[in-house]
Number of protein chains: 2
Amino acid sequence: MSPQRRARQTVTVTADLVILTIRDHRLHVLLVERANEPFAGMPALPGGFLRGRESLDETAARELAEETGVDSAGLHLQQVGVYSHPDRDPRDPRVITCAYLAIAPDLPRPTAGSDARAARWVPVDEAEGTRLAFDHDDILRDALELARDELQFTTVATAFCAEEFTVAELRAVYEAVWGVELDAPNFHRKVVSADGFVVATGDKRPTMGGRPAALYRAGDATRLSPPMMRSRQSGA
Amino acid sequence: MSPQRRARQTVTVTADLVILTIRDHRLHVLLVERANEPFAGMPALPGGFLRGRESLDETAARELAEETGVDSAGLHLQQVGVYSHPDRDPRDPRVITCAYLAIAPDLPRPTAGSDARAARWVPVDEAEGTRLAFDHDDILRDALELARDELQFTTVATAFCAEEFTVAELRAVYEAVWGVELDAPNFHRKVVSADGFVVATGDKRPTMGGRPAALYRAGDATRLSPPMMRSRQSGA
DNA sequence: AGAATAGTGTCTGTAAGACAGTATTTG
DNA sequence: CAAATACTGTCTTACAGACACTATTCT
């Protein structure tokens, strides 16, 4: 089947994106409908081929900007892993992919995308039950596991929020991603006392019939220590 | 320079290995001397090209077995990330690599390797000060950071040990990888009480003029909860 | 005033870290 | 017995989690 068993394979490479956001208090992932073969018409993760002199990180950033309509500079983007099973894509030469996890605040335009492909936000629990093109089910599962872990140990949760946010909004991120309810008083204390997690702007935002909430910006820290919510640690 | 700016790149792919072990109470990494251009004569991480119908995980496992002379089934192997900067390798077509972290117990034969290349164990603090071929400095740094993190939150430390080991040996792993001294009594209590981390075999191993140590085997758990050593969490 | 939301105080249990002390071996 | 190593007990402090309570707004 393949040219020579011991030959160096030449392959093409894609970057596929698991773009997560929170809409209406639920975690959503951006899915597109494939326009071309293979898997035409099937839901899939957005992504595209490595071009010219790009690095894969640049490919991912470009695709992210195209899909979300937002300059990727602000958005969180990180590798999930490489998927290289020989049968994952029927095309020849072989296609391997590097999956990226992207975290976006609730974006102004719902889907957008310069592409003609229909892109839509899908609640993750619904997406997890859907058959996706290629091995995108695996990728989605791994990316979600990564995201849930990272929330514990890093400050990425702020990437789901707008530039300025309230503690309640940050708490809603954790609740949506983990699918749990957190104790508001304890969460508040923990977030504001964690060094470098959030920085108060001094402003306040009025709430619907309640005391106005203080506004915060993301702090310098990337690692959260101690981690958030000890009880949730045994996962997977 | 490159064919067409918007064309799909075809590339070749390698798997490079950061193989760590502990020798003489110090963390070591396996380095080879490059036989061919580019970077001939320079120290580098072991690795090789994706062949035939392999997945990259299989490429990495094959290379690991070749380099260590050990069937990779027993050894811990995990992706670190993809390195795809267009100038990381001068060859054409472009070469991108997927880096793997491998953790091995102190192996019977020091270096071995069916390859003709000179392979040797280098203490990591020495290797970190050495200029390596390609972007292998970056890869080594990232892999070490990953390894140090994983020790906190997972049970991989047992992968550094032989099949049966004492608590003191496991503690030596943490001390070598983290470069710290740990309190022996507290470490002991924590390890044996962490669910699924280690399982007592019932046997004992005599020590040099001391009470014999109980022997353990690695347990089922992969995640460590709560994590090891709260104080060490702020890293990077 | 009452509802709603933000934020603080306080108590309890659990676990981390320090370190004293006990157990079991060799010489 | 002394030295060496393994392991256990206990004390202190810190923090997670529960939840009562105060603060500030809107209607």
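We name chains A, B, ... by the order of the sequence lines, and we start the count at 1 in each one.
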Could you check how far [atom1] of [X] sits from [atom2] of [N], rounded to whole Å?
X        : N      : atom1 : atom2 : value
A/Met229 : D/dC15 : CE    : P     : 14 Å
B/Gln152 : C/dA16 : CD    : P     : 12 Å
A/Glu169 : C/dA6  : CD    : P     : 9 Å
A/Leu170 : C/dA6  : CG    : P     : 13 Å
B/Asp183 : C/dA15 : CG    : C1'   : 14 Å
B/Phe187 : C/dG17 : CZ    : P     : 12 Å

Terminal helix-axis angle for the helix from C/dA1-D/dT27 to C/dG27-D/dC1, with five pairs defining each axis and rounding to 10 degrees:
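Both end axes considered, the difference amounts to 10°.
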For B/Thr14, give me all partners under side chain to side chain donor-acceptor pair (under 3.5 Å), at least two apart in sequence or on another chain.
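Expected list: B/Thr97.
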Do A/Val122 and A/Thr130 touch side chain to side chain, with heavy atoms closer than 4.5 Å?
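When only atoms from C-beta onward are counted, A/Thr130 and A/Val122 do not touch, as no gap falls below 4.5 Å.
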For A/Phe187, enumerate each residue passing the ring pair (Phe, Tyr, Trp, His ring centres under 6.0 Å) test, keeping only those at least two apart in sequence or located in another chain.
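So A/Phe187 forms a ring pair (Phe, Tyr, Trp, His ring centres under 6.0 Å) with A/Tyr174.
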Below 4.0 angstrom from OP1 or OP2 of C/dA15, is there any side-chain N or O of B/Lys190?
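No, because none of the side-chain N or O atoms of B/Lys190 sits under 4.0 Å from OP1 or OP2 of C/dA15.
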Give every residue pair that meets the salt bridge (Lys or Arg N to Asp or Glu O under 4.0 Å) criterion with at least one member in residues 167-178 of chain A, sequence neighbours excluded.
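Only A/Glu169-A/Arg205, A/Arg171-A/Glu175 qualify under salt bridge (Lys or Arg N to Asp or Glu O under 4.0 Å).
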From CA spacing to verdict: side-chain hydrogen bond (donor to acceptor under 3.5 Å, both in side chains), B/Gln78, B/Glu150
CA-CA 11 Å; B/Gln78 113 191 71; B/Glu150 295 254 296; 2.9 Å; yes
B/Asp135 and B/His85: side-chain hydrogen bond (donor to acceptor under 3.5 Å, both in side chains), yes or no, with the steps?
CA-CA 9 Å; B/Asp135 47 6; B/His85 190 284; over 6 Å; no
State which of D/dG17, D/dA16, D/dC19 makes the closest approach to the side chain of A/Pro226.
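Closest of the options to the side chain of A/Pro226: D/dA16.
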If you round to the nearest 0.5 Å, how far is CD1 of B/Ile103 from CG of B/Leu151?
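Result: 7.0 Å between the selected atoms.
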Knowing that exactly one of A/Leu56, A/Val18, A/Leu64 qualifies, which makes a side-chain contact (heavy atoms from CB on, under 4.5 Å) with A/Tyr100?
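Of A/Leu56, A/Val18, A/Leu64, side-chain contact (heavy atoms from CB on, under 4.5 Å) with A/Tyr100 is met by A/Leu56 alone.
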Quick one: list whatever passes side chain to side chain contact (heavy atoms under 4.5 Å, CB included) with A/Asp142, sequence neighbours left out.
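Per chain and number, A/Asp142 pairs via side chain to side chain contact (heavy atoms under 4.5 Å, CB included) with A/Val80, A/Tyr83.
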Contact list (N/O, under 3.5 angstrom) for nucleotides 4-8 of chain D vs protein:
from	atom 1	to	atom 2	distance (Å)
D/dA4	O4'	B/Gly209	O	3.4
D/dA4	N3	B/Gly209	O	3.0
D/dT5	O2	B/Arg211	N	3.2
D/dA6	N3	B/Arg211	NH1	3.3
D/dC7	OP1	B/Ala214	N	2.8
D/dC7	OP2	B/His188	NE2	3.4
D/dC7	O5'	B/His188	NE2	3.2

